[in-house]
Amino acid sequence: MQSTLAGRLTSIYLALNLVALAVVSVSVFFNLGPNGNRLAAITVSSSTLVFTASIFLIVVRRIIAPLETMTDFMQHANLRRLGARLDIATGDELEQLSRAINTMLQRLDASMQRIQRMSFVDTVTELPNRERFKQEADEVIKSAISTKGVGAAISIDIDRFLRVQNTLGKVIGEELLGLVTERLDAAVRASDRIVRLKNCETRPALLARMGGSEFAILIPDVEDPTGAGKFAQLVAASLRQPFELQHHRIVLGASCGIAVFPQDGESGDEIIRSAELAMTHARNAGGGRSMFFTRKLNQRALSKLILENEIRQGIEKNQFVPYFQPKVDLGTGRIVGCEALVRWNHPKYGMVSPARFIPAAEESGLIGPLGDVILRESARYAANWLLRGIALRVAVNVSTAQFSDDNFDHKVCTALKESGLPPSLFELEITESIAMSNPERVQRLLEPLRLKGVKIAIDDFGTGHSNLAALTSLPFDVFKIDQSFIHALGKDKHAPALIETIIAMAGGLNYETVAEGVETEEQAAFLRKRGATLGQGYLFGAPMAPEAFEAYAREWVQNGIQPPLPEKKNYHDNVQAAPAELSNQSKVA
Ligand code: C2E
Ligand code: MG
Ligand code: MG
């Protein structure tokens, strides 16, 4: 059992009394003799008792009582009641200690209040923040459920805000947020008139900054959910009016997502998620519009999430593998290289084509690690073929994410070094649109690799608005003529002239040309006649699994002629129609 100070002092006091009594009894017995004066003995022992009792009372009053007050007080303070004051007036060190404790708690109280404020208020706009919005939404939804009421949460993203901030700087960005807040605030004050129940005493609408360029408005009660849509349009219209700031005229806009509660969310977290999901769709659809949350949106987001998770796991479990498609010298008819094309060896759906998963991999940022796997694996396969006497140049596709990675050139060098593949047998295919989006970066990132011997090809040439000046100055070696031109042969009367022009331009720049998607002898004959260097397409072989490709290429390399195309089932791109959840609407980049 825990002993208190008072308890311990009482024990000491009783012990002292016993000792005093013993001393007194012994002294009485010996000094006054067996027949001594009892009265004197009683007097001595009583006065000793009175003396120790008064000492004890003084100790209790001056030390124990203040200490007990202090203990009670600190227990209170421990329960975060920091506003209370400790009142001890003993005029000694204990009183000084109590004053010091009061000052300390006052400061602690002020800091706690500041921290509390900061955790619920956005410091830039002074608006309630996401946490506060969530709490308020929790309460408002609870009350809507109990009163069978309806309310709405509107998530707003300011279009172009980040671009303006990146151009004009953070200070102007913050001032702009202040002006945006004023407009939103005015809209919120007008919300009663526009969407809310009339003659009803309810909580005011709440405007909050959710982070970055995102705001949200919580309308606790709406007369009719469609009114929330109209209100969002008014909000967006007010933000479309130009902002004047430090001699700049800034035009923004807003993407709004509307979720109605309780149907679209029964808690703060849920309603925010629904409204933000709708807002993201409005933003992805080009911005400047409002969208209501629907179950379908939710389903789509969920499928995307499942797909992203599966891709992540697929990378960990080495389910992504390169397939190889031959590239043939149109002049000699010999195989000279191949293109690595990623396939997903999905445990449930079999081999899945990149069109099914590359858009999701790009959106989720997983294309970076996925591309790195294909880069390393392709170099490794090509190096092994070389050791077995098959020298073929392998080309690997480069995604936007890989191209934006400052470490990309290092990764290429590491893949080559680790595999032992000579750089001259390695090629990078970069789409025309990626190359033209940042020609300086092409120069900086790819020229050093090219100087080492790596070849650089522009993929899907003819589809990406090339800047002719950039084309001549950038470090390219190969134009890959987009397959749409080849497929148009015999169908579009302009196709031959377009292909001839590309081949002539490549010849003038001393570049190789690879015609993609060659499927017929007629197409191959036309390209051969016009001087295209290489051909790639089902006519020469579809993408194949590494082992099938090696067997196929060996025959070709050793005998110098194209072997009969393997049975379709052996080599063909056996992409199965993967079900909808593996499908993402967007096109392959
Ligand atoms: P791409 O780089 O232009 O690849 C050529 C595409 O055309 C391949 O589709 C190939 O299978 C297909 N193809 C080849 N010959 C023919 C033909 O004769 N007729 C027709 N109709 N099609 C033919 P695939 O493998 O589905 O790849 C599609 C796109 O996915 C590729 O276009 C490339 O942009 C991307 N991709 C593939 N693998 C990777 C990769 O490892 N990383 C990255 N970032 N992208 C990849
Ligand atoms: Mg390619
Ligand atoms: Mg291509």
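Computed from heavy atoms alone, side chains included, the values below leave out hydrogens, waters and symmetry copies. Start at 1 and go down the list; that is how both ligands and their atoms are numbered.
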Mode of [X] contact toward ligand 1 - side chain, backbone, both, neither (heavy atoms, under 4.0 Å):
| X | result |
| --- | --- |
| D459 | side chain |
| S399 | both |
| Q325 | side chain |
| T431 | neither |
| R356 | neither |
| V396 | neither |
| K480 | neither |

Salt-bridge criterion met for R130 and E276 (N-O under 4.0 Å): yes
Pairing of R554 and E550 as salt bridge, 4.0 angstrom limit: yes
Q483 N/O under 3.5 Å from ligand 1 N/O: yes
Min N/O separation V398 to ligand 1 under 3.5 Å: no
Return yes if some donor-acceptor pair links the side-chain N/O of [X] with the main-chain N/O of [Y] below 3.5 Å, else return no.
| X | Y | value |
| --- | --- | --- |
| D482 | T463 | no |
| R528 | L330 | yes |
| R240 | V251 | no |

P543 to ligand 1, any heavy atom closer than 4.0 Å: yes
Contact check, H487 vs ligand 1, heavy-atom distance below 4.0 Å: yes
Looking only at side-chain N and O atoms, does [Y] offer a donor or acceptor that is under 3.5 Å from a partner on [X]?
| X | Y | value |
| --- | --- | --- |
| H487 | Q523 | no |
| K411 | Q402 | no |
| D269 | S267 | no |

[X] near the Mg ion (ligand 2): N/O/S under 2.8 Å:
| X | answer |
| --- | --- |
| N397 | yes |
| D460 | no |
| E429 | yes |

What atoms of ligand 1 come within less than 4.0 Å of a heavy atom belonging to [X]?
| X | result |
| --- | --- |
| E519 | 17 (C), 18 (O), 19 (N), 20 (C), 21 (N) |
| V518 | 18 (O) |
| G537 | 15 (N), 18 (O) |
| P354 | 24 (P), 25 (O), 26 (O), 27 (O), 30 (O), 37 (C) |
| R343 | 11 (O), 25 (O) |

Atom of E339 nearest the Mg ion (ligand 2) (restricted to N/O/S, atom name only): OE2
Check: F324 ring centroid to W385 ring centroid under 6.0 Å: yes
Closest approach to the Mg ion (ligand 3) by E516, given as the N, O or S atom name: OE2
The Mg ion (ligand 3) to D459: nearest N/O/S atom name: OD1
Proximal candidate to atom 8 (C) of ligand 1 [heavy atom criterion; set L341, D372, L375]: L341
